Visitor: 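Dropping the structure in here first, questions after.
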Amino acid sequence: MNKTVLAAALASLLGTIPVHAYDLTVSAGAQNQVLSGSKSYTIPQGATSVVLLYNVYSAEYPYYVTAQSIFNDVWSLTLTGSSGVLYDITRQVNSQLTQEPTWLANSTTGDIRKTINVSALTSNGPANLQLIATSMNVGDSALTTIVNASVESPSQLTITAADPDSINAKNGGTYYSIPAAGDSNTLQRYFTLKLSKADSVTLQQVTVTLQGSSGNLMDVVQQLPIPSGNDVQVLNQTDKNVTLKVRVTVLNPASSVKGSPPPTRDLAYRFHVVGQDNQGQSVTAEKTVTGRRSLWRMVDLLPGRYGYRDPGHDDWGAKGTYAWLQQNVSLIKEVDDISGEHGRNINHDTHQYGTDIDMYHFYQFAGATSGTDNYNLLRNAVVSAFGMLQADGTLNPKPSAAAQDAFNSLVAFVNETRPGLDNLAALNTVSQLYYAIGSAGSGLPNGWARSLITTGKVTRTVNNVVQTLDIGTGDWSNAKINYNSEHNNHVHITLNRPAIGE
């Protein structure tokens, strides 16, 4: 993409981004030159705190930041007083994909408020504070990064923290399932909001807005009184501090988000709290939590389902998984699990990101009713096919019809399994496949299924006589395939998360 063209387009959009009226603005300029600005403040004697308010914009996001390009602009913000540094932050824009403050859809960090204690500085008289901002264009002079900042008196109402709950998931709890339109979440999730307020302020309402990469998706809690049942719960309250437990998942109203196809990978939650002071004036506080990931129902794309269904659904997939299924659904069989709701653990060691798919065997034996049943029939067929051999391990010239049918079914099993695995493994969007190793039992050694698939042969020992059943399919291998007992009854597809945009 031509950076000059992109810079012109983004410059026209910059004026449309709503920002606070800041005291200090520093914009990067010529390549690799640090530009800086400063603003001085006099804080009156007796003031206990000030609020540092800032917002950073970078035209490098999203295109060059998500690509982790060399155009890795650097910005900083420092607040100092007579006692030294009160606040200091330096970031490279590429790091802000995952490091706070993370980028919002409008290429800004959003308004960030930091309450700074200055009581020690103002106890004997006024205090002087110095606010310094810097910005540097790295790699070229295009697509500027801008730092806006101010120091203000504390708000009458401030959200000082928004802490997510924890669930039984290996994804850190940062993944949230967004129900299909008209549906609701089964497992509700919450944030704990900590608010600081003036004595005279009474809390009235809370709104929680679910946001995607292109803006608001829906209000999941709508202007409800405080408290309001399980939606907004008061955990602790004093004159100056309130702790709220606030639902962020979809319950009532039901989802209004169209998830086919998923509109976003990244999620954010905006909390808007309204209060009223003793003069009847409305006061508000707002905080946006970024860095969340989305999971969506995949059921419309799946060729079929088998296995047990989890009460919270088990076909939750990432946005990239949806696109992958759209393109490759012809390569897969019936699906059991993708991920549990919010990526929680539903008796899987993996599946936490919505990018792992458990599916049925490529070959189904007659009468099989489950993945485990199909595996057992495979094992039984191998045992029966050994009837093609005599006790000394040589070929039986007159095998039974049952042995011959079992032998033929093994040939069909291998001839369908190998290309099925090959077709998936050939995709750069598939990082790993897991399938049956064949556990020891029924006279067969551990690894018999892997041997059958990769060599067309199974060897066993009967009465100290080594017997080798060769179905004649020859050798085959694929480096992307792992074999273990956990996957005896199904094929596991691990998608390449970077390759599918996850």
Side-chain angles (χ1 to χ4, degrees), residues 261-262 295-307 314-340 343 348-365 368 370-372 374-375 377-378 409-438 447-456 471 473-502:
L295 294 175
W296 307 86
R297 296 288 305 281
M298 300 284 113
V299 66
D300 291 344
L301 294 178
L302 301 180
R305 303 299 304 277
Y306 79 100
D314 43 36
D315 59 353
W316 297 101
K319 181 177 186 290
T321 301
Y322 187 97
W324 185 88
L325 285 169
Q326 276 188 312
Q327 187 172 3
N328 300 293
V329 69
S330 63
L331 301 182
I332 67 172
K333 298 294 184 179
E334 292 84 357
V335 170
D336 186 1
D337 293 344
I338 300 178
S339 282
H348 292 288
D349 287 337
T350 55
H351 293 261
Q352 64 266 44
Y353 303 117
T355 54
D356 293 84
I357 302 171
D358 283 349
M359 75 172 196
Y360 204 77
H361 308 261
F362 289 101
Y363 179 85
Q364 183 173 1
F365 286 85
S370 68
T372 298
N374 202 67
Y375 166 75
L377 290 171
L378 169 64
S409 69
L410 295 181
V411 174
F413 168 83
V414 170
N415 285 338
E416 290 192 28
T417 298
R418 287 177 176 180
L421 293 171
D422 274 336
N423 289 337
L424 288 171
L427 302 174
N428 74 315
T429 49
V430 173
S431 61
Q432 199 73 63
L433 296 165
Y434 296 87
Y435 196 33
I437 193 170
W448 60 265
R450 175 180 58 194
S451 179
L452 177 67
I453 294 168
T454 60
T455 69
I471 65 171
T473 54
D475 292 336
W476 170 90
S477 65
N478 193 300
K480 281 190 178 181
I481 319 297
N482 282 307
Y483 303 87
N484 58 42
S485 60
E486 182 180 348
H487 297 94
N488 280 339
N489 62 357
H490 67 279
V491 178
H492 177 108
I493 306 167
T494 300
L495 298 181
N496 184 328
R497 293 174 62 203
I500 65 171
E502 292 293 331

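In this chain, numbering begins with 1 at the start of the sequence shown. Note that this is a predicted model, so its numbers are computed, not measured.
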Visitor: Are the side chain of Asn488 and the backbone of Ile437 linked by a donor-acceptor contact shorter than 3.5 Å?
Guide: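 Yes; judged by distance alone, with no hydrogens or angles, the pair exists.
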Visitor: What's the spacing between Ile332 CD1 and Leu301 CG if we round to 0.5 Å?
Guide: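 One gets 9.0 Å once the value is rounded to the nearest 0.5 Å.
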Visitor: What pair of heavy atoms forms the shortest contact from Pro262 to Lys319, and how long is it?
Guide: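 Closest approach of Pro262 to Lys319, heavy atoms only: O-CE, 3.3 Å.
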Visitor: Does the side chain of Ser409 come within less than 4.5 Å of Tyr363's, by heavy atoms?
Guide: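 Result yes, sub-4.5 Å side-chain heavy-atom pair found.
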Visitor: Please tell me if the side chains of Asp315 and Val335 come closer than 4.5 Å, counting only heavy atoms from C-beta onward.
Guide: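 The answer is no; the side chains never approach within 4.5 Å.
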Visitor: Between CZ of Phe362 and CG of Leu331, what distance do you get to the nearest 0.5 Å?
Guide: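 CG of Leu331 is found 8.0 Å from CZ of Phe362.
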Visitor: Just verifying a value: how many Å separate Ile357 CD1 and Leu495 CG, rounded to the nearest 0.5 Å?
Guide: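 Ile357 CD1 to Leu495 CG: 5.0 Å, rounded to 0.5 Å.
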Visitor: Please check if the side chain of Asn482 supplies one atom and the backbone of Tyr434 the other of a donor-acceptor pair under 3.5 Å.
Guide: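 Side chain of Asn482 to backbone of Tyr434: no pair is present.
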Visitor: Could you pull out the closest heavy-atom pair between Ala479 and Gln432, with the gap in Å?
Guide: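 Closest approach of Ala479 to Gln432: O-NE2, 4.2 Å.
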Visitor: Could you walk me through whether Leu424 and Lys480 pass side-chain contact (heavy atoms from CB on, under 4.5 Å), step by step?
Guide: CA-CA 9 Å; Leu424 288 171; Lys480 281 190 178 181; over 6 Å; no
Visitor: Is it true that a side-chain atom of Arg418 and a backbone atom of Thr473 form a donor plus acceptor pair closer than 3.5 Å?
Guide: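 Here the side-chain-to-backbone pair exists.
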Visitor: Can you tell me how far apart CZ (Arg297) and CH2 (Trp316) are? Round to the nearest 0.5 Å.
Guide: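 Separation between the atoms: 6.0 Å.
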Visitor: Would you say Leu427 and Asn328 make side-chain contact, with heavy atoms under 4.5 Å?
Guide: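 SC-SC contact between Leu427 and Asn328 confirmed.
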Visitor: Any side-chain to backbone donor/acceptor pair from Tyr360 onto Ser370? Under 3.5 Å, distance only.
Guide: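 Yes, the answer is positive, given that a donor and an acceptor are paired below the 3.5 Å cut-off.
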Visitor: Taking C-beta and beyond as the side chain, do Val414 and Trp476 meet within less than 4.5 Å on heavy atoms?
Guide: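 A side-chain contact under 4.5 Å is absent here.
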Visitor: Which word best sums up how the rings of His490 and His492 line up, parallel for under 30°, tilted for 30 to 60°, or perpendicular for over 60°?
Guide: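 Tilted: the ring planes of His490 and His492 meet at 30° to 60°.
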Visitor: Hey, could you give me the CG/OH distance between Asp336 and Tyr306, rounded to the nearest 0.5 Å?
Guide: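 Asp336 CG to Tyr306 OH: 4.5 Å, rounded to 0.5 Å.
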Visitor: Do you know the tightest heavy-atom contact between Ile471 and Leu410?
Guide: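 So the minimum-distance heavy-atom pair works out to CD1-O, 3.7 Å.
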Visitor: Phe413 and Leu377: side-chain contact (heavy atoms from CB on, under 4.5 Å), yes or no, with the steps?
Guide: CA-CA 11 Å; Phe413 168 83; Leu377 290 171; over 6 Å; no
Visitor: So, for Tyr375 and His361, is the gap between ring centers shorter than 6.0 Å?
Guide: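 For Tyr375 and His361, the ring centres are not under 6.0 Å apart.
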Visitor: A side-chain contact here means heavy atoms from C-beta on lying under 4.5 Å apart; do Ile481 and Thr454 qualify?
Guide: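 No, their side chains stay 4.5 Å or more apart.
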Visitor: I'd like to know if the side chain of His351 reaches the main chain of Ile338, judged simply by a donor and an acceptor atom lying under 3.5 Å from each other, with no hydrogens or angles considered.
Guide: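 Side chain of His351 to backbone of Ile338, a donor-acceptor pair under 3.5 Å: yes, one is there.
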Visitor: Is there a donor-acceptor contact under 3.5 Å from the side chain of Ser451 to the main chain of Gly447?
Guide: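 Such a contact is absent between Ser451 side chain and Gly447 backbone.
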Visitor: Please report the shortest heavy-atom distance between Ala436 and Tyr483, naming the atom on each side.
Guide: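 Heavy-atom minimum between the residues: O-CD2, 3.2 Å.
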Visitor: Flag yes if more than 12 heavy atoms outside Gln327 fall under 6.0 Å of its CD atom; otherwise flag no.
Guide: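 Incorrect, the count does not exceed 12.
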Visitor: Quick one: pull up OH in Tyr435 and OG1 in Thr417 and give me the separation to the nearest 0.5 Å.
Guide: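 So the gap between those two atoms works out to 4.5 Å.
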Visitor: Take Arg305 and Asp314 through the test side-chain contact (heavy atoms from CB on, under 4.5 Å) and record every step on the way to the result.
Guide: CA-CA 11 Å; Arg305 303 299 304 277; Asp314 43 36; 2.7 Å; yes
Visitor: Can you confirm whether Asn478 sits close enough to Leu433 that some side-chain heavy atom of one is under 4.5 Å from a side-chain heavy atom of the other?
Guide: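 In short, these two side chains do not touch, never coming nearer than 4.5 Å.
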Visitor: Can you find a heavy atom in the side chain of Glu502 that is under 4.5 Å from one in the side chain of Thr321?
Guide: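 They are not in side-chain contact.
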Visitor: Does the Asn484 side chain pair with the main chain of His487, one donor and one acceptor, at a distance under 3.5 Å?
Guide: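 Such a contact is found between Asn484 side chain and His487 backbone.
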Visitor: With a 3.5 Å cut-off and no angle check, do the side chains of Asn496 and Ser431 form a donor-acceptor pair?
Guide: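 The criterion, which ignores hydrogens and geometry beyond distance, is not satisfied for Ser431 and Asn496.
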